[in-house]
Amino acid sequence: QARLAESGGGSVQAGGSLKLSCEGLEYGYESYYMAWFRQAPGKEREGVAAIDSEGITRYADSVKGRFTISHDNSKKTLDLQMNSLKPEDTAMYYCAASQPPQVPILTILESDYNKWGQGTQVTVSS
């Protein structure tokens with residue numbers, strides 16, 4: 001079973017932008033959920049954004065209007081465009097997938113995803 005792999009993390013000043021990408025999603029599933037999570041030092045992992053195979057999206061309140069999740073169905077890749085970054089966005093960001101979906105409704109709950117990447121670090125300085 002292929003593992004997910006994130007890329008695109010780095011260091012940026014507050015107000016800047018970064019784009020994260022994720023590869024390793026499997027072919028052969030018509031229905032799936034994909035999501036981004038993050039974990040800051042000393043904090044629990046939290047959901048950031050999710051998208052399903054129909055293009056429906058869900059965002060955490062803290063990133064609405066600043067982050068955009070998208071996917072390329074033909075390439076089986078997942079992206080997260082992050083704009084207007086804040087120091088509180090500093091965290092390790094993880095890509096996750098559920099192929100096929102484990103629950104009937106798209107969520108950004110960690111327990112609803114069964115495939116994970118190793119993470120990519122995002123650091124936002126003030």
Side-chain angles (χ1 to χ4, degrees):
Q1 196 176 57
R3 195 182 188 96
L4 302 179
E6 304 92 340
S7 62
S11 297
V12 65
Q13 289 192 327
S17 299
L18 282 174
K19 184 177 181 179
L20 306 182
S21 296
C22 175
E23 295 182 334
L25 297 163
E26 294 183 46
Y27 288 84
Y29 292 95
E30 291 187 3
S31 181
Y32 46 83
Y33 298 161
M34 295 173 281
W36 288 96
F37 291 79
R38 67 185 181 186
Q39 188 169 20
K43 295 187 177 181
E44 293 186 353
R45 189 151 56 183
E46 62 175 356
V48 174
I51 188 168
D52 72 9
S53 48
E54 301 298 319
I56 295 172
T57 58
R58 188 178 295 274
Y59 293 93
D61 289 342
S62 59
V63 305
K64 281 181 181 177
R66 299 188 298 123
F67 290 11
T68 302
I69 189 171
S70 62
H71 71 108
D72 185 321
N73 196 30
S74 62
K75 297 179 181 178
K76 293 294 185 281
T77 58
L78 177 70
D79 294 326
L80 183 69
Q81 178 66 45
M82 305 185 294
N83 298 327
S84 302
L85 282 162
K86 305 175 181 180
E88 50 263 45
D89 294 319
T90 294
M92 185 72 77
Y93 282 71
Y94 298 90
C95 171
S98 183
Q99 294 179 286
Q102 304 298 301
V103 294
I105 299 175
L106 180 67
T107 76
I108 44 174
L109 297 176
E110 186 175 354
S111 58
D112 292 340
Y113 293 83
N114 56 9
K115 299 177 184 178
W116 293 85
Q118 298 274 34
T120 185
Q121 179 67 37
V122 172
T123 302
V124 185
S125 57
S126 57

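Keep in mind that this is a model prediction, so the values were computed, not measured.
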Sequence neighbours left out, cut at 3.5 Å: what donor-acceptor pairs do the side chains of residues 80-88 make with other protein atoms?
residue: Gln81; atom: NE2; partner: Asn83; partner atom: OD1; Å: 2.9
residue: Asn83; atom: OD1; partner: Ser17; partner atom: OG; Å: 2.9

If hydrophobic clusters are built from ILVMFWY residues whose side chains come within less than 4.5 Å, do [X] and [Y] share one?
{"X": "Ile108", "Y": "Tyr93", "result": "no"}
{"X": "Val12", "Y": "Val48", "result": "yes"}
{"X": "Val124", "Y": "Leu20", "result": "yes"}
{"X": "Leu18", "Y": "Ile69", "result": "yes"}

Give, for atom [atom1] of [X] and atom [atom2] of [Y], the distance between the pair rounded to the nearest 0.5 Å.
{"X": "Met92", "Y": "Thr123", "atom1": "CE", "atom2": "OG1", "answer": "9.0 Å"}
{"X": "Trp36", "Y": "Asp79", "atom1": "CH2", "atom2": "CG", "answer": "7.5 Å"}
{"X": "Ile51", "Y": "Met34", "atom1": "CD1", "atom2": "CE", "answer": "6.0 Å"}
{"X": "Leu4", "Y": "Glu26", "atom1": "CG", "atom2": "CD", "answer": "8.5 Å"}

Which pairs count as disulfide bond (SG atoms under 2.5 Å apart) when at least one residue sits in [range], sequence neighbours excluded?
{"range": "residues 24-67", "result": "none"}
{"range": "residues 39-87", "result": "none"}
{"range": "residues 16-96", "result": "Cys22-Cys95"}

Test side-chain contact (heavy atoms from CB on, under 4.5 Å) on Tyr33 and Arg58 and set out the steps. CA-CA 11 Å; Tyr33 298 161; Arg58 188 178 295 274; over 6 Å; no
Note, Leu106 side chain near Glu54 side chain (heavy atom, < 4.5 Å):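 A side-chain contact is absent here, since even the closest heavy-atom pair is not under 4.5 Å.
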Restricting to side chain to side chain donor-acceptor pair (under 3.5 Å), what partner residues turn up for [X], sequence neighbours left out?
{"X": "Ser126", "result": "none"}
{"X": "Gln118", "result": "none"}
{"X": "Lys64", "result": "Asp61"}
{"X": "Gln39", "result": "none"}

All salt bridge (charged side-chain N to carboxylate O under 4.0 Å, His left out) counterparts of Asp89, not counting sequence neighbours: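 Residues passing salt bridge (charged side-chain N to carboxylate O under 4.0 Å, His left out) with Asp89: Arg38, Arg66.
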CD of Glu46: more than 12 outside heavy atoms within 6.0 angstrom?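 Yes, CD of Glu46 has more than 12 neighbouring heavy atoms, counting only those of other groups under 6.0 Å.
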Within residues 38-59 or reaching into it, pairs that qualify as ring-ring contact (aromatic ring centres under 6.0 Å, His included) - sequence neighbours excluded: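 Sorted result for residues 38-59: empty, none.
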Once side chain to side chain donor-acceptor pair (under 3.5 Å) is applied, what residue pairs with a partner in residues 95-107 remain, sequence neighbours excluded?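 Qualifying pairs: Gln99-Lys115, Thr107-Asp112.
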What are the two closest non-hydrogen atoms of Ala50 and Ala35, and how far apart are they?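 For Ala50 and Ala35, the tightest heavy-atom pair comes out as CB-CB, 3.8 Å.
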Check: Glu6 side chain, Gly119 main-chain N or O, donor-acceptor pair, under 3.5 Å: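 Indeed, once roles are kept as given, a pair shorter than 3.5 Å links the two residues.
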Using ring pair (Phe, Tyr, Trp, His ring centres under 6.0 Å) as the criterion, list what pairs up with Tyr113, not counting sequence neighbours.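 Applying ring pair (Phe, Tyr, Trp, His ring centres under 6.0 Å) to Tyr113 gives Phe37.
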